[in-house]
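Worksheet: one structure, shown below.
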Amino acid sequence: MNISTATPTLARPRAIERLIIGQATSDGDGVKLTRVLTQDLQRRLDPFLMLDAFGTDNPGDYIGGFPDHPHRGFETVTYMLDGRMRHRDSAGNQGLLSGGGVQWMTAGRGVIHSEMPEQEAGRMEGFQLWLNLPARDKMCPPWYRDIPASEIPEVKTPEGVAVRVIAGASHGTDGAMQREATQPLYLDLTLPAGTVFEQPLPAAHNAFVYVYRGEIVVAGQAVPRQRMAILANTPGSDGVRLQGGAEGARAILIAGQPLNEPIAQYGPFVMNSNEEIFQAVEDFRAGRLA
Ligand code: FE
């Protein structure tokens with residue numbers, strides 16, 4: 001754990017543009033989850049395509065897991081807060097994702113994988129984020145990295161905010177992952193009551209925060225638990241300032257550089273045109289994705 005000595009002071013922090021309530025849904029073999037970033041927000045939150053939040057103490061909500069399914073054209077970032085999930089893919093990779101760990105998978109030209117709970121009881125909680133790939137990288141070879149909790153850098157600000165830096169950088173600490181094209185920032189913040197956290201952000205980067213414990217305040221507006229706040233891209237703004245509510249809070253802060261390329265999605269395939277989607281479906285049917 002690094003102790004940050006310099007707190008940046010923002011002159012023009014962003015306001016909230018919109019609060020979003022996630023949609024309850026299920027995916028895989030009946031896994032109950034909340035889709036926070038839905039397809040209608042893909043353009044607004046480019047380069048991010050989806051954010052699912054899952055959190056339950058009931059094994060019936062997760063035990064089916066996500067049996068074999070394909071992906072092409074983007075990256076999946078799974079952040080496990082609690083529970084254990086076994087990952088296997090068609091390239092022969094496998095790994096165990098457990099509390100505080102991240103799995104970063106680049107589907108590229110194609111992968112077939114399963115994500116199955118490795119527990120029959122207890123709590124399962126976490127997030128899956130989909131991050132787009134630029135057109136030039138969509139057909140790259142698949143790749144993945146399991147990042148155990150111990151390899152995710154943490155920084156504590158002078159105010160006492162604990163920051164797990166999954167991607168990008170915060171308070172002088174580089175995160176576990178960097179991506180040049182989309183410059184993703186992915187922070188997990190633990191804010192004791194009343195503490196303030198500041199993160200510089202380029203005004204053009206799309207950014208949102210999702211609160212999963214307690215409540216935060218952004219520019220005078222409260223963001224309750226299980227809400228996503230889309231942060232305004234106000235020209236000349238220099239970052240985001242969050243404050244923990246009376247009972248403290250935990251939240252993920254995510255931002256990235258938009259790709260500004262066409263988005264064509266059909267289920268687990270995200271390409272730039274319908275032709276490329278037809279090709280992905282055909283390749284999958286013909287067994288060329290594995
Ligand atoms: Fe998957």
Side-chain angles (χ1 to χ4, degrees), residues 22-39 41-42 45 47-56 61-98 101-119 124-133 137-147 166-167 177 179 182 184 186 210 252 254 263-271 276-277 279-281 283-285 287-290:
Q23 297 176 6
T25 183
S26 71
D27 208 340
D29 187 5
V31 178
K32 289 202 177 123
L33 49 83
T34 302
R35 189 141 297 162
V36 179
L37 196 174
T38 46
Q39 208 165 350
L41 292 171
Q42 287 176 340
L45 293 175
F48 303 103
L49 300 163
M50 193 188 84
L51 176 69
D52 283 346
F54 49 95
T56 175
D61 292 343
Y62 61 72
I63 206 73
F66 300 87
D68 274 349
H69 59 279
H71 291 291
R72 174 179 278 183
F74 60 101
E75 304 189 271
T76 66
V77 183
T78 310
Y79 179 32
M80 209 69 175
L81 292 166
D82 210 345
R84 284 177 300 141
M85 195 84 96
R86 173 74 60 181
H87 157 267
R88 283 191 176 86
D89 71 29
S90 50
N93 300 309
Q94 70 155 307
L96 183 65
L97 184 57
S98 59
V102 167
Q103 189 218 54
W104 195 292
M105 185 187 81
T106 306
R109 67 174 172 247
V111 73
I112 294 172
H113 77 159
S114 62
E115 300 153 291
M116 301 299 289
E118 201 161 271
Q119 63 188 48
M124 181 77 80
E125 183 176 18
F127 303 99
Q128 187 170 82
L129 177 73
W130 287 11
L131 170 61
N132 211 352
L133 285 167
D137 292 337
K138 281 185 176 289
M139 294 297 277
C140 71
W143 179 90
Y144 97 111
R145 180 181 165 199
D146 279 317
I147 311 166
I166 295 168
M177 289 291 299
R179 283 286 180 262
T182 48
Y186 191 157
Y210 179 79
I252 51 174
I254 293 172
I263 300 168
Q265 177 177 9
Y266 177 72
F269 309 123
V270 186
M271 304 300 289
E276 290 169 335
I277 290 293
Q279 187 65 53
V281 172
D283 287 350
F284 175 52
R285 285 188 182 139
R288 286 191 294 261
L289 235 71

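Everything numeric in this text was worked out from a predicted model, so none of it was measured. Whatever order the structure lists them in is the order used to number ligands and atoms, beginning at 1.
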Contacts table for residues 108-116: side-chain donor-acceptor under 3.5 angstrom, sequence neighbours left out:
| residue | atom | partner | partner atom | Å |
| --- | --- | --- | --- | --- |
| His113 | NE2 | His69 | NE2 | 3.0 |
| His113 | NE2 | His71 | NE2 | 3.1 |
| His113 | NE2 | Glu115 | OE1 | 3.3 |
| Glu115 | OE1 | His69 | NE2 | 3.2 |
| Glu115 | OE2 | Gln128 | NE2 | 3.0 |

- Message: According to side chain to side chain contact (heavy atoms under 4.5 Å, CB included), who are the partners of Tyr144, at least two apart in sequence or on a separate chain?
- Response: His87, Asp89, Asn93, Gln103, Met105, Asp146
- Pairs flagged by salt bridge (charged side-chain N to carboxylate O under 4.0 Å, His left out) wherever residues 27-37 is involved - sequence neighbours left out: Asp27-Arg35, Lys32-Asp61, Arg35-Asp52
- Item | If only protein N, O or S atoms under 2.8 Å count, total around the Fe ion (ligand 1) | 4
- Query: Do you know which of Asp137, Thr106, Ile263, Val270 makes side-chain contact (heavy atoms from CB on, under 4.5 Å) with Phe74?
  - Reply: Val270
- Below 4.0 angstrom, N of the basic side chain to O of the carboxylate: do Lys138 and Glu276 qualify? no
- Note on the structure: Between Trp104 and Pro184, the two heavy atoms sitting closest are CH2-CG, 4.2 Å
